[in-house]
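All chains are named by letter (A, B, ...) in the order of the sequence lines, taking the proteins before the strands, and each is independently numbered beginning at 1. Side-chain atoms are counted along with the backbone in the values below, which use heavy atoms only and exclude waters and symmetry mates.
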There are 2 protein chains.
Amino acid sequence: MSAEERRESVIRAAVVEFGRAGYVGTTTASIARRVGVSQPYLFRLFPDKRAIFLAAARHSIERLRRQFEEATEGLGPQEAHDAMCRAYFPMISDRSDLLFQMQMYVAVSAREAEGDEEFASEIRALWAEMWDGIQGRLGGDPVLTRDFFGIGMLINVTLSMGFPEGHRVWDTLNVFDYFSGAEGDGSGAAG
Amino acid sequence: MSAEERRESVIRAAVVEFGRAGYVGTTTASIARRVGVSQPYLFRLFPDKRAIFLAAARHSIERLRRQFEEATEGLGPQEAHDAMCRAYFPMISDRSDLLFQMQMYVAVSAREAEGDEEFASEIRALWAEMWDGIQGRLGGDPVLTRDFFGIGMLINVTLSMGFPEGHRVWDTLNVFDYFSGAEGDGSGAAG
DNA sequence: CTCGAAACTTATTGACCGATCACTAATCTT
DNA sequence: AAGATTAGTGATCGGTCAATAAGTTTCGAG
């Protein structure tokens with residue numbers, strides 16, 4: 001297998017492992033084990049653990065961005081909002097991507113507190129880019145944007161805390177029941 | 001200082017330190033340093049690091065719960081929603097509590113992946129209790145509940161990622177401009 | 001003052017982890 | 001086939017960190 005192919009499989013494994021245990025809590029050995037290579041070999045493919053995490057972050061954000069763009073092709077703001085909420089549910093079933101996002105958010109503040117400003121600003125830049133893309137698809141509407149990201153983040157948190165399917169906390173998140181039903185009365189509490 | 005008083009100051013320090021660097025990334029030495037005691041002495045006050053984190057979680061969740069309850073005393077659902085959104089802003093200025101919440105969310109999945117089911121279920125129970133309390137204050141309205149928690153979680157994430165005040169991501173979160181502006185002109189809001 | 005308990009420290013250890021080094025095996029090139 | 005480049009491994013090391021053990025200081029009651 002070529003180094004480039006290996007690098008990609010390392011990134012995929014890293015999303016899973018970092019998503020599970022976080023930046024500090026994940027050992028390079030566990031990533032290597034998942035890839036099926038020896039632990040020292042990771043350092044031939046990447047300069048250090050930090051670079052693996054950053055590559056995983058780039059991969060994960062880009063993947064989300066693409067999924068939301070595909071889900072909203074040619075739709076107006078409100079339809080795009082609904083389509084993106086719907087697009088969230090397939091992501092829940094393979095939780096690793098969303099769990100990684102959570103770990104990414106907290107890793108930013110942690111690394112920044114340790115002086116790694118470059119780490120923080122790169123992830124912020126990538127994420128802000130995704131934010132802009134989504135806000136564009138929502139016609140620049142700030143309420144729709146906040147509403148979508150709010151639902152998304154609440155799903156991420158609920159998932160990360162491991163509330164089982166069917167728990168009452170998930171009830172309000174079953175967006176199929178509420179989010180487009182509010183369109184009729186136009187009161188806008190849900191967006 | 002009595003052991004009980006020390007224990008409380010350890011908890012306060014733990015919220016700050018764990019909020020900064022997460023469960024694994026925080027050293028007991030850093031907590032001890034912030035308290036002003038030696039690192040081994042923490043283990044006279046608590047059985048292990050895990051117990052310190054759990055105590056901090058109990059403290060943090062309880063604190064949030066109380067703040068939201070005080071902010072909504074005697075208010076109807078919609079007013080309570082607005083009041084709680086407003087109550088979020090003082091919490092932003094001393095970020096440690098909200099950062100700790102984020103770290104708590106991801107710690108649950110991490111510890112659970114390592115077999116610590118008790119850790120996970122205790123934090124879930126505490127948080128679900130807070131959820132119930134808030135949903136009660138919102139008259140049981142699932143849309144208001146989801147909307148409030150969505151805004152809250154989005155604020156937590158934005159804060160954790162360190163987006164500076166005034167960044168365009170914060171614009172949609174300036175709830176004073178939007179959340180009750182659905183009534184009409186919305187020009188009278190003060191940022 | 002004194003004595004015991006409670007508060008607190010210094011020294012240390014065993015386990016773990018990121019990273020390096022030196023090496024081997026396979027594949028490509030001419 | 002010889003040489004060179006590429007993929008990959010085993011051994012190990014320096015540093016870090018949670019936790020333990022054993023000791024010292026502070027303080028309040030009699």
Exercise. Just wondering, more than 12 heavy atoms not from B/Glu118 lying within 6.0 Å of its CD?
Worked result: no
Problem set entry | A/Glu69/A/Arg66 ion pair, N-O < 4.0 Å | no
For this session: With the side chain counted from C-beta on, respond yes when A/Tyr88 and A/Asn156 share a heavy-atom pair under 4.5 Å apart, and no when they do not.
Result: yes
Exercise. Between B/Glu17 (CD) and D/dC17 (P), how many Å, whole number?
Worked result: 12 Å
Problem set entry | Gap between atoms CZ and P, on B/Phe46 and D/dT20 respectively (whole Å) | 15 Å
Problem set entry | Note: B/Arg111-B/Glu122 ion pair, threshold 4.0 Å (strictly below) | no
Problem set entry | Steps toward salt bridge (charged side-chain N to carboxylate O under 4.0 Å, His left out) verdict (A/Glu117, A/Arg124) | CA-CA 11 Å; A/Glu117 184 57 47; A/Arg124 267 197 297 270; 3.0 Å; yes
Exercise. D/dA7 C1' sits how many Å from A/Glu4 CD, rounded?
Worked result: 14 Å
Please list, pair by pair, any protein nitrogen or oxygen found under 3.5 Å from a nitrogen or oxygen in nucleotides 25-30 of chain D.
none

For this session: Sugar-phosphate means primed atoms, P, OP1 and OP2; the rest is base. With that split, encode nucleotides 8-25 of chain C 5' to 3' as B, S or - using protein heavy atoms under 4.0 Å.
Result: BBBB-----SBBB-BB--
Problem set entry | Aromatic centroids of A/Phe163 and A/Trp170 separated by under 6.0 Å | no
For this session: Flag the pair A/Phe53 / A/Phe100 as yes when their ring centroid distance falls below 6.0 Å, and as no otherwise.
Result: yes
For this session: Step through it carefully: locate the ring centre of B/Phe148, locate the ring centre of B/Phe68, and say whether they are under 6.0 Å apart.
Result: yes
